[in-house]
Amino acid sequence: MTRPTKIGAAAAVAQLEGWAPVAEKDAISKTFKFADFNAAFGFMTRVALMADKLDHHPEWFNVYDRVEVVLTTHDADGVSELDVKMAKFMDQVA
């Protein structure tokens with residue numbers, strides 16, 4: 001499978017709502033807040049299934065009703081269209 005080329009965080013956040021560039025690296029981030037742990041875990045499960053299909057896995061951290069996500073394409077050494085696709089999916093299922 002051909003991997004996407006790097007577009008950079010600025011180009012990605014221009015296409016997304018509520019996502020922000022990460023200061024330390026070429027990545028984008030967003031914090032999702034849910035009603036409770038069950039809703040947060042359900043979100044993570046749906047995203048995990050899509051991540052496997054895309055072979056593109058997020059960096060994330062979960063505490064109770066909050067899921068903090070960082071997206072970057074490691075083999076592109078930065079943000080790619082694959083990250084935009086994953087971010088849009090996350091926004092849709094959240």
Side-chain angles (χ1 to χ4, degrees):
M1 174 162 86
T2 304
R3 300 304 283 184
T5 57
K6 181 176 174 176
I7 63 167
V13 296
Q15 301 176 56
L16 301 166
E17 189 173 321
W19 289 82
V22 174
E24 307 85 46
K25 60 183 175 179
D26 189 30
I28 57 175
S29 68
K30 185 173 184 176
T31 299
F32 293 90
K33 188 114 165 92
F34 299 93
D36 55 25
F37 178 75
N38 189 43
F41 197 84
F43 165 79
M44 293 176 71
T45 301
R46 288 186 294 280
V47 171
L49 292 170
M50 178 58 79
D52 252 9
K53 286 181 185 177
L54 296 176
D55 191 28
H56 187 60
H57 304 88
E59 298 174 19
W60 55 15
F61 178 76
N62 165 245
V63 174
Y64 185 61
D65 63 347
R66 189 180 77 241
V67 179
E68 298 170 11
V69 178
V70 174
L71 295 175
T72 190
T73 304
H74 297 287
D75 53 351
D77 198 28
V79 179
S80 74
E81 284 295 335
L82 196 52
D83 298 299
V84 173
K85 184 174 186 174
M86 180 63 80
K88 286 180 178 181
F89 177 79
M90 289 179 174
D91 287 340
Q92 179 185 1
V93 299

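In this text, all values refer to a predicted model and were calculated from it rather than measured experimentally. We're numbering straight along the sequence, starting at 1.
A side-chain contact (heavy atoms from CB on, under 4.5 Å) with I28 is found for exactly one of V84, V69, V22, V79, namely V79.
Taking 4.5 Å as the limit, some side-chain heavy atom of H74 sits within range of a side-chain heavy atom of T72. Looking at V67 and V47, their side chains never come closer than 4.5 Å, going by heavy atoms from C-beta outward. Two residues are said to be in side-chain contact when any heavy atoms from C-beta on lie closer than 4.5 Å; E81 and I7 meet this criterion. Contact annotation: the side chain of D52 approaches that of H57 to within less than 4.5 Å [non-hydrogen atoms, C-beta and beyond].
Ring-plane geometry between F37 and F41 is classed as tilted, the angle between the planes lying from 30 to 60 degrees on a 0 to 90 degree scale.
Between the CG atom of N38 and the OH atom of Y64 there is a distance of 9.5 Å, given to the nearest 0.5 Å. Once rounded to the nearest 0.5 Å, the distance linking OG1 of T73 with NZ of K6 reads 10.5 Å. To the nearest 0.5 Å, atom CZ of residue F32 and atom CE of residue M44 are 11.5 Å apart.
Listed here is the closest heavy atom pair of L82 and P4: CB-CG, 3.6 Å. When all heavy atoms are compared, the tightest approach of G78 to D83 is O-OD2, 3.8 Å.
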Which pairs would a plain distance check flag for residues 85-94, meaning a side-chain donor or acceptor within less than 3.5 Å of a matching protein atom at least two apart in sequence or in another chain?
from	atom 1	to	atom 2	distance (Å)
D91	OD1	W19	NE1	3.2
D91	OD1	K30	NZ	2.7
D91	OD2	W19	NE1	3.1

